[in-house]
Amino acid sequence: MTGERAMLLIGHPGHELRLHHWLELERPTVCVLTDGSGGTAQGRIEYSRDCVARAGATTGPLFGHMADRDWYAALLARDPAPFVEAGDKIACAALTLGIGLIVSDARDGYNPMHDAACCLATMVVEGLSAQGQSVRRLTAPATGEALSAPVRELWLDSIARKRKEAAMARYAPLLQEIEQAREQGLDIGVERLYPDDAERSGKRSPAYEAYGSARVADGDYRSVIMAEAHYQPLMAEVRSRLFDLWGLLSVPERSAVV
């Protein structure tokens, strides 16, 4: 254990499985944006609640209270309200609990909620820092490759690995995804934390744009969430409103890249 109180902020329930042993060691407060329902009516947040509890961690004030489709509707409408509420809840909890480390999903362009979790975590850290609370910031990619070398690696022994495998086996809605990830090279025996690569965004069109466009062409979606038209201006507005809410006059440049 590092001795500092930690928080984990993820876009979707199930991402915590990638850091299962870290959960056991650090026992962070875990916050989740969506309920994991995707395009269905059935969420999977209760599986994450069970996973977090079994690992000895705790659930935070934000834990899958909104469905994926509602978050995506807010993104399309450029409605900052749910994101501002989420950021403020996270910041208040971090301040009250004396959090010294916030780990989040990394920006990956795979899903806008992964990117939103990363961006909100960065905003919270900047806001707390502006108010005198020093908070470290790290990420754990839910998909893809990290841009930087890890700053921390946890190598699981056989007992910790068995506990992680058991946690994955209990997470019924994700069994197929987990198996696919392992076939593609996911090593569950090591858990890595990385720096927050803010410069990562904006260098290429995010994958969620191409995916959404294909779904529109198939008739499954009516609209596509676009980075420049929806996500980026929305996050800029969220940042501005959060800093106004916290009584901070300026916004650090680091979170300007969203």
Side-chain angles (χ1 to χ4, degrees), residues 7-13 15 31-39 43 45 60-96 99 102 104-131 133 135 137 139 142 196 198-202 205-206 208-209 212 221-258:
M7 176 179 283
L8 176 65
L9 171 60
I10 51 180
H12 292 108
H15 293 183
C31 295
V32 187
L33 295 181
T34 83
D35 68 352
S37 54
I45 193 66
L62 188 80
F63 203 79
H65 73 294
M66 269 179 61
D68 292 69
R69 60 181 177 274
D70 295 329
W71 285 108
Y72 299 144
L75 278 161
L76 283 167
R78 286 170 49 174
D79 176 11
F83 295 92
V84 171
E85 179 184 3
D88 190 46
K89 283 185 176 180
I90 296 161
C92 289
L95 187 64
T96 300
I99 296 297
I102 296 181
S104 79
D105 288 338
R107 292 175 178 84
D108 57 17
Y110 179 82
N111 185 289
M113 295 309 297
H114 300 185
D115 292 6
C118 186
C119 192
L120 285 173
T122 300
M123 292 177 194
V124 168
V125 168
E126 290 170 343
L128 292 174
S129 297
Q131 299 177 75
Q133 180 170 329
V135 185
R137 174 82 178 88
T139 64
D196 174 22
E199 73 281 1
R200 177 174 187 162
S201 292
S205 296
Y208 61 76
E209 290 186 353
Y221 291 174
R222 288 191 289 181
S223 303
V224 182
I225 296 170
M226 305 296 289
E228 290 188 6
H230 303 108
Y231 175 80
Q232 291 175 4
L234 175 60
M235 289 297 108
E237 179 65 19
V238 170
R239 184 179 66 246
S240 177
R241 293 198 184 193
L242 279 173
F243 274 72
D244 284 346
L245 182 63
W246 297 333
L248 301 175
L249 298 179
S250 61
V251 179
E253 287 296 323
R254 192 171 190 283
S255 65
V257 179
V258 295

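Here, residue 1 is the first one in the sequence, and each next residue gets the next number. Computed from a predicted model, the values in this text were never measured in an experiment.
Between the side chain of Ser129 and the backbone N or O of Val125, at least one donor-acceptor pair lies under 3.5 Å. Here the side chain of Glu237 pairs no donor or acceptor atom with the backbone of Arg78 at under 3.5 angstrom. Here the side chain of Asp79 pairs no donor or acceptor atom with the backbone of Ala74 at under 3.5 angstrom. Put simply, the side chain of Asp115 gets close to the backbone of Gly109: a donor and an acceptor are under 3.5 Å apart.
In this structure, Ser37 OG and His12 NE2 are separated by 8.5 Å, a value rounded to the nearest 0.5 Å. Between the CE atom of Met235 and the OG1 atom of Thr122 there is a distance of 11.5 Å, given to the nearest 0.5 Å. The SG atom of Cys92 lies 9.0 Å from the CG atom of Leu128; values are rounded to the nearest 0.5 Å. Interatomic distance, CZ of Arg69 versus CG of Leu76, reported as 14.5 Å (0.5 Å rounding). In this structure, CD1 in Ile99 is found 8.0 Å from CD in Gln133, a value given to the nearest 0.5 Å. Rounded to the nearest 0.5 angstrom, Thr34 OG1 and His65 NE2 are separated by 10.5 Å.
Within a 6.0 Å radius of OH in Tyr110, other residues, nucleotides and ligands contribute 12 heavy atoms or fewer.
Side-chain contact between Glu126 and Phe243: present, with at least one pair of heavy atoms (C-beta onward) separated by less than 4.5 Å. Considering only heavy atoms from C-beta on, Asn111 comes within 4.5 Å of Tyr72 through its side chain. Proximity of Leu62 to Val32: side-chain heavy atoms (C-beta onward) are nowhere separated by under 4.5 Å. Between Phe63 and Pro13 there is no side-chain heavy-atom pair separated by less than 4.5 Å. With contacts defined as side-chain heavy-atom distances shorter than 4.5 Å, the pair Val238/Leu120 qualifies. Looking at Leu75 and Phe83, their side chains come closer than 4.5 Å, going by heavy atoms from C-beta outward. When side chains are defined from C-beta on, Leu9 does not count as touching Asp105, because their heavy atoms never get closer than 4.5 Å. Counting heavy atoms from C-beta outward, Ser104 and Arg137 have side chains that approach closer than 4.5 Å.
What you find for Trp246 and Gln131 is that their closest heavy atoms are CB-NE2, 4.2 Å. Heavy-atom minimum distance, Gly36 versus Asp68: N-OD1, 3.0 Å. The shortest heavy-atom contact between Tyr231 and Pro112 is CE1-O, 3.9 Å. Annotation for Ala130 and Leu248: closest pair CB-CD1, 3.9 Å, computed over non-hydrogen atoms. Heavy atoms only, all atoms of each residue included: Ala86 and Leu33 are closest at CB-CD2, 4.2 Å. For Ile102 against Ala121, the heavy-atom pair with the smallest separation is CG2-CB, 3.9 Å.
Side-chain atoms of Tyr208 and Asp108 form no donor-acceptor pair, as typed in the model, at a separation below 3.5 Å.
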